[in-house]
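Data block below; observations after.
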Amino acid sequence: MEWNCDSELYKLVVNELYTAVIGDICDELGMHNQFLNPSIQSLTAKGLSEVMVGRAMPVLEVNVFSELSAHGPFGKMLDAIDDLKKGEVYICAGANSCYATIGEIMATALSVNGARGAVTDSRIRDLRGIRETKLPIFGLGSYAQDQRGRGIVLDYRVPIEINGVRIRNGDLIIGDCDGVLILPQETEKEVISRALDKARGEKTVRKAILEGMSAAEAFSRYGIM
């Protein structure tokens, strides 16, 4: 294993990996449902090279139809933000797509707490301000309508699902220009190690093709395409 701590793991992922090659390894291992909905895309990246990687802090959002004063206007959202630890990704599920679950002040607080990014299966708002925080955020798009009176955080650090993909506290989340992928902790060592081998092999294949080798010959020799 080439890493001894999360910071070393994150550096390897950012510098050498991407969701496509990690997803290929997941398929090889029979893990065929690790990508979130393809509609969940980067909303903040200014270039194709940005990679988000961190530990999941799952947040369960539910729809409401008025402010529930007993829970406060946002339920446990403020508690969840303040509980986030350095190196984690705030990932919330359960909201509909008619309001935003992440805004500029929230993104600022997450960034100050050391978040590696945020993911929502709904919308975000204050996009210009959020981009100034430089926090990678993935979601369905931007929409100004607030969640107050429409949604609350029911709980956090609990298992959630997005389109059938289970996300547990501490799972590894990787996001880039091709989407967002979830790796259960018990599989990450094997998946990342094999993905590094494949990514490095792909560089060899790319070089061979650029030097004139045919695609068929490259696949026959290296078994990578």
Can you see which heavy atom on [X] is nearest to which on [Y], and at what distance?
| X | Y | value |
| --- | --- | --- |
| Pro73 | Ile152 | O-CG2, 3.9 Å |
| Ile162 | Cys92 | CD1-O, 4.2 Å |
| Ala199 | Leu17 | CB-CD2, 3.8 Å |
| Glu61 | Ala95 | CG-CB, 3.7 Å |
| Leu127 | Ser142 | CD2-OG, 4.1 Å |
| Ile124 | Ala100 | C-CB, 3.5 Å |

Quick check for you: to the nearest 0.5 Å, what is the distance between [X] atom [atom1] and [Y] atom [atom2]?
| X | Y | atom1 | atom2 | value |
| --- | --- | --- | --- | --- |
| Glu190 | Met31 | CD | CE | 9.0 Å |
| Ile174 | Met52 | CD1 | CE | 8.5 Å |
| Leu84 | Arg116 | CG | CZ | 12.0 Å |
| Tyr90 | Asp83 | OH | CG | 11.0 Å |
| Ile130 | Glu132 | CD1 | CD | 11.0 Å |
| Arg157 | Arg168 | CZ | CZ | 15.0 Å |

Are [X] and [Y] in one and the same hydrophobic cluster, where Ile, Leu, Val, Met, Phe, Trp and Tyr link if side-chain heavy atoms are under 4.5 Å apart?
| X | Y | result |
| --- | --- | --- |
| Val158 | Ile182 | yes |
| Tyr10 | Ile25 | yes |
| Met1 | Val21 | yes |
| Val13 | Leu183 | yes |
| Leu9 | Tyr18 | yes |

Between [X] and [Y] (side chain of the first, backbone of the second, donor and acceptor by atom type, cut-off under 3.5 Å), is there such a pair?
| X | Y | value |
| --- | --- | --- |
| Asn113 | Ile81 | yes |
| Ser111 | Ala107 | no |
| Glu161 | Arg166 | no |

Inset, instruction - Count the heavy atoms belonging to other residues, nucleotides or ligands that lie under 6.0 Å from CD1 of Ile105, then report whether that count exceeds 12. - result: no
Legend entry - Lys11 atom NZ, neighbour heavy-atom count above 12 within 6.0 Å: no
If we only count heavy atoms from C-beta on, is the [X] to [Y] side-chain gap below 4.5 Å?
| X | Y | answer |
| --- | --- | --- |
| Gln145 | Arg125 | no |
| Ile137 | Leu110 | no |
| Tyr99 | Asn63 | yes |
| Val59 | Ile160 | no |
| Ser122 | Gln147 | no |
| Arg123 | Ser97 | yes |
| Leu36 | Ile167 | yes |
| Arg55 | Leu172 | yes |

Legend entry - Thr120, Val89, Asp176, Val119 screened by side-chain contact (heavy atoms from CB on, under 4.5 Å) with Phe138, the one that passes: Val119
Inset, instruction - Among Ile22, Leu181, Leu196, find the one that has a side-chain contact (heavy atoms from CB on, under 4.5 Å) with Val191. - result: Ile22
Inset, instruction - Test side chain to side chain contact (heavy atoms under 4.5 Å, CB included) on Glu50 and Thr44 and set out the steps. - result: CA-CA 9 Å; Glu50 182 176 84; Thr44 53; 4.0 Å; yes
